[in-house]
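Have a look at the structure below, then the notes.
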Amino acid sequence: MGAINAVANLAVEGEIGILILNSPPVNALSHQVRAAIVEGMQLAIDNAAIKAIVLICEGKTFIAGADITELGKPPQSPSLVEVEDSIENSPKPVIAAIHGTALGGGLEVALCCHYRVAVPSAKCGLPEVNLGLLPGAGGTQRLPRIVGPELALEMVTSGKHVDAKTSLAAGLVDEIVPEGDLRGGAVAFAKKVIAEKRPLRKVRDLNDKVVAARGKPEIFAEFRKANARRFRGFLAPEYNIRTIEAAVSLPFAAGLQLEHKLFMELMGGTQSAAQRYVFFAERQVWKIPDVPEDTPTIPIKKVGIVGAGTMGGGISMNFANVGIPVTIVEMKQDALERGLGVIRKNYERSTKSGRLTMADVDKRMGLLTGTLNLEALADCDLVIEAIFENMDVKKDVFGKLDKIVKQGAILASNTSALDLNEIATAVQRPQFVIGLHFFSPANVMRLLEVVRGAKTSKPVIATSMQLAKKIGKIAALVGVCPGFVGNRILYARSLQANAMLMEGAMPWDIDKVLYDFGLPMGPFAMSDLAGLDLGWIKEKSKSSTIREVLCEKDRRGQKTGAGFYDYDEQRNARPSPVTEQIIKDFAAKSGNTPRKISEEEILERCTYAMINEGAKILEEGIAIRPSDIDIVWINGYGWPVYRGGPMFYGDTVGLKNVVAKLKEYGPRMGKDFTISPLLEKLAAEGRRFQDLK
Ligand code: T1G
């Protein structure tokens with residue numbers, strides 16, 4: 001038969017019509033693809049020679065969902081429901097042939113086919129919740145009918161991709177066909193359907209599993225209870241749960257109506273707008289304008305880590321996890337043994353959750369070599385220094401590494417604040433020096449700030465970004481300045497938080513506002529967790545800050561049972577009358593008159609100071625684009641993804657309002673506080689950070 005349009009073909013093999021989609025990169029259900037399916041179905045139905053139809057995709061994956069770039073735009077016909085009706089109501093059996101990932105609208109289309117086959121490596125999922133949405137094309141009503149409400153609840157609220165074996169066991173796919181011969185396997189299955197006169201099985205009519213769950217509200221009550229913490233602040237998970245409840249309690253058509261109503265509510269909300277923004281931001285962050293994708297990279301086959309402390313150990317695990325051998329250097333044997341011991345303990349903890357087997361642990365530990373000898377790093381392709389933050393010590397280590405490590409290797413620093421360009425002056429090859437700023441715990445935290453020095457070469461940058469992807473990190477390329485992007489913005493926020501303590505707010509007032517906003521923890525609870533004595537030197541302590549006074553009174557945080565908060569045996573925090581008095585005395589001594597500070601002011605001063613600092617970071621070229629800053633804060637500092645990041649949040653509240661409020665707060669923002677000219681300009685022009693290209 002031949003081409004239907006630019007993205008689809010209809011082929012005929014005997015009695016089987018094969019509708020082939022080919023719309024790179026992921027066969028998303030764009031208008032063109034939807035039109036092609038409807039037309040292709042009609043052609044196949046009208047062709048008397050065709051007795052069954054196979055829907056298959058070329059490229060790396062089956063349909064990976066609706067076209068996210070079209071969401072929120074005026075709908076174009078045919079709609080996804082029209083596409084689905086053309087398949088489900090076909091008088092000829094339709095078989096979906098799945099490879100790669102059948103996701104979202106893609107799985108919903110497959111669920112409208114009468115049968116589904118998949119290769120062993122295929123995955124299925126309804127990840128709309130990750131976009132702040134729910135499956136809006138019947139998935140919430142068809143999935144529970146085929147896999148049961150329990151698995152459907154898990155799938156639509158986690159967005160997880162289910163593998164082929166599990167999909168087969170759950171009835172989501174009917175047969176696993178040979179890897180590499182999807183088309184052949186699907187055609188053979190279609191012939192079987194014809195030969196055995198199998199019915200046109202519509203998932204919408206399969207009610208056993210939902211009927212069996214009727215009168216069991218505990219399924220949903222227990223699920224909500226078990227996941228309350230995980231879903232805190234998000235709207236979409238609860239909306240998804242309500243649709244599965246509807247699938248159990250309502251007839252199919254009524255369930256579809258509720259699904260559509262709830263979908264449109266989420267679609268129109270700020271949370272989904274934020275999460276869709278983050279979807280694309282997570283893909284943009286890898287694109288470096290002046291480092292093209294074909295920039296040559298350095299093969300990294302062996303890594304060296306200097307320092308087996310908390311950071312060095314965590315960093316090492318990332319490489320062992322992907323099979324790259326690591327040599328860890330320490331100064332003293334006991335420190336080395338302690339470091340390796342912590343790594344083994346961390347791995348063994350993963351065996352308890354079943355994520356790793358003891359064989360996995362031994363294999364990874366087998367890739368780690370401890371030594372007291374820096375020369376052992378001579379043939380490494382990458383060496384990462386993870387020792388304490390002292391410029392002289394770092395420069396000394398880099399000077400030694402420069403003489404030891406083979407030419408062409410990358411010399412990286414895990415510094416979180418020091419001047420990388422200054423460190424690079426200690427070597428003869430500054431073009432091979434880069435910052436790889438991991439976040440603690442480094443084997444868990446997804447973020448990596450890749451710090452570009454003044455002389456860092458493009459191949460070294462390209463290699464570092466590629467390596468970050470390999471070890472499962474999300475990396476943002478940032479420039480050199482105190483605190484880079486993440487910590488610099490954190491500092492701007494803490495200036496406001498600490499200032500408001502002097503003006504009358506209490507740590508728990510400020511923490512509550514930021515916790516309710518969606519952050520996992522407020523700044524003062526976070527300080528208590530990290531330890532108030534981080535960087536504190538007792539001998540030099542002069543009661544010059546509230547933090548110093550607390551340390552002097554041995555209130556150093558959770559570890560001493562008291563810090564800003566008091567802690568019980570289970571380390572539950574409660575506001576402290578002791579701290580309250582310390583703060584009041586300290587503020588009074590500094591001539592401050594306390595006043596009631598509203599939650600609104602607390603939130604605005606903290607978040608607007610962050611947005612303003614983000615704008616300065618953009619002005620200075622320390623970050624490539626605003627969304628990179630958002631990726632840093634979402635993946636490194638727990639900024640709620642449903643608020644899109646500080647810069648997106650600025651756009652949400654309106655930059656005009658941000659500037660107006662900053663001016664209204666005026667001197668309260670601090671004597672050194674200035675509003676970013678870029679922020680002022682965008683506000684004056686009624687533009688957003690997102691408009692910056
Ligand atoms: N729409 C538009 N573009 C998409 C897309 C989509 N659904 N999925 C991926 N892309 C682009 C992406 O931006 C990137 O572009 C390129 O494809 C490669 O993606 C009614 C409403 C499929 C697992 O949520 O999870 O259906 O940066 O880098 O790592 O119920 O992409 O190259 O220009 O991620 O191999 C539901 C989203 C939609 C799946 C492949 N579906 N995609 O991962 O490649 S909502 C999803 C993914 C929906 C209905 C509702 C992943 C992937 P560029 P990539 P990858």
Side-chain angles (χ1 to χ4, degrees), residues 7 21-34 37 57 59-73 75-76 78-84 98-112 121-143 152 155-163 236 239-240 243-244 256 259-269 271-273 275-289 292-293 465-466 468-470 472-475 625 627-628 631 641:
V7 295
L21 304 180
N22 187 8
S23 177
V26 295
N27 291 303
L29 289 156
S30 62
H31 174 242
Q32 205 181 20
V33 169
R34 297 194 309 271
I37 296 175
C57 294
K60 68 176 181 185
T61 180
F62 187 77
I63 304 166
D67 187 330
I68 302 170
T69 62
E70 290 185 2
L71 295 179
K73 296 189 178 135
Q76 290 179 284
S79 68
L80 198 38
V81 173
E82 289 169 86
V83 168
E84 292 178 340
I98 300 171
H99 76 294
T101 51
L103 301 176
L107 182 58
E108 291 175 296
V109 164
L111 285 169
C112 290
S121 62
K123 295 232 166 77
C124 298
L126 293 176
E128 285 84 345
V129 71
N130 299 332
L131 299 169
L133 294 170
L134 53 84
T140 71
Q141 302 307 300
R142 289 190 175 86
L143 185 70
M155 286 179 69
V156 297
T157 55
S158 69
K160 71 179 181 185
H161 302 177
V162 173
D163 64 27
Y239 274 53
N240 274 276
T243 60
I244 307 297
L256 270 189
E259 175 195 275
H260 185 67
K261 176 176 168 296
L262 296 177
F263 177 85
M264 293 314 284
E265 277 180 31
L266 290 174
M267 191 60 181
Q271 291 205 355
S272 180
Q275 289 176 261
R276 280 178 273 137
Y277 162 85
V278 172
F279 175 85
F280 291 110
E282 283 185 342
R283 282 145 185 88
Q284 280 295 324
V285 75
W286 299 100
K287 299 174 180 162
I288 318 292
E293 279 186 28
M465 296 299 282
Q466 188 187 67
K469 209 174 240 183
K470 181 168 181 174
K473 301 297 183 192
I474 187 156
R625 54 184 78 85
S627 61
D628 289 6
I631 290 296
V641 66

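As the structure lists them, so they are numbered: ligands from 1, and atoms in each ligand from 1. Quick caveat, the model's predicted, so the values are computed rather than measured.
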Nearest-option assignment for atom 2 (C) of ligand 1, heavy atoms, candidates Leu103, Asp67, Asn27: Asp67

Of Leu134, Leu131, Asn130, the one whose closest heavy atom lies nearest atom 45 (S) of ligand 1 is Leu131

Kindly indicate whether atom 33 (O) of ligand 1 is approached by any protein heavy atom to under 4.0 angstrom. yes

Would you say His31 has more than 12 foreign heavy atoms packed within less than 6.0 Å of its NE2? yes

side-chain hydrogen bond (donor to acceptor under 3.5 Å, both in side chains) test vs Tyr239 passes for just one of Glu265, Lys261, Glu259, namely Glu265

Quick one: does Leu71's side chain get under 4.5 Å of Leu133's, heavy atoms only? yes

Atom 7 (N) of ligand 1 - nearest protein heavy atom and its distance: Ala66 O, 2.9 Å

Nearest option to atom 39 (C) of ligand 1, as decided by whichever heavy atom of Ala64, Ser30, Gly100 sits closest: Ala64

Give the single entry among Thr61, Val109, Leu80, Ile68 that approaches atom 1 (N) of ligand 1 most closely by any heavy atom. Ile68

Within the 4.0 Å heavy-atom shell around Lys60, which atoms of ligand 1 are there? 35 (O), 44 (O), 55 (P)

Identify, by atom number and element, the atoms of ligand 1 in contact range of Gly104, meaning under 4.0 Å from any of its heavy atoms. 26 (O), 36 (C)

Indicate, as side chain, backbone, both or neither, the part of Val26 found under 4.0 angstrom from ligand 1 when only non-hydrogen atoms are considered. side chain

Between Glu282, Arg283, Gln284, which one has a non-hydrogen atom sitting closest to atom 31 (O) of ligand 1? Arg283

Taking Gln141 for its side chain and Gly138 for its backbone only, find out whether a donor-acceptor pair lies under 3.5 Å. no

Mind checking whether Gln466 and Lys469 have side chains closer than 4.5 Å, heavy atoms only? no

Taking only heavy atoms of Pro135 into account, list the atoms of ligand 1 that are under 4.0 Å away from them. 30 (O)

Is it possible for you to check whether Arg276 lies under 6.0 Å from the centre of the six-membered ring of Phe280, through NZ or CZ, and within 45° of that ring's axis? no

N/O of Lys287 under 3.5 Å from N/O of ligand 1, yes or no? yes

Atom NZ of Lys473 with >12 non-hydrogen neighbours under 6.0 angstrom: yes

For ligand 1, which is the ligand I care about here, please tell me if Glu108 has any N or O atom under 3.5 Å from one of the ligand's N or O atoms. yes

Does any part of the side chain of Val285, heavy atoms only, come nearer than 4.5 Å to the side chain of Ser627, both counted from C-beta? no

State whether any protein heavy atom lies less than 4.0 Å from atom 22 (C) of ligand 1. yes

Side chains of Val156 and Glu128 in contact at under 4.5 Å (non-hydrogen atoms): no

Distance flag for atom 29 (O) of ligand 1, protein heavy atom under 4.0 Å: no

Do any N or O atoms from the side chain of Glu108 and from the backbone of Ala137 form a donor-acceptor pair under 3.5 angstrom? yes

Suppose I only count heavy atoms of Phe280 and a 4.0 Å limit; which atoms of ligand 1 are within that range? 13 (O)

Logged contact type for Pro127 with ligand 1, heavy-atom cut-off 4.0 Å, is side chain

Any side-chain heavy-atom pair from Val33 and Asn27 closer than 4.5 angstrom? no

Any idea which atoms of ligand 1 are less than 4.0 Å away from a heavy-atom of Thr101? 22 (C)

Non-hydrogen protein atom less than 4.0 angstrom from atom 15 (O) of ligand 1: no

Quick check: do Cys57 and Val26 have side-chain heavy atoms less than 4.5 Å from each other? no

Pro25 to ligand 1, any heavy atom closer than 4.0 Å: yes

What I'd like to find out is whether the side chain of Lys123 reaches to under 4.5 Å of the side chain of Leu103, using heavy atoms alone. no

Ligand 1 atoms in contact with Phe279 (distance to a heavy atom under 4.0 Å): 8 (N), 9 (C), 13 (O), 37 (C), 42 (N)

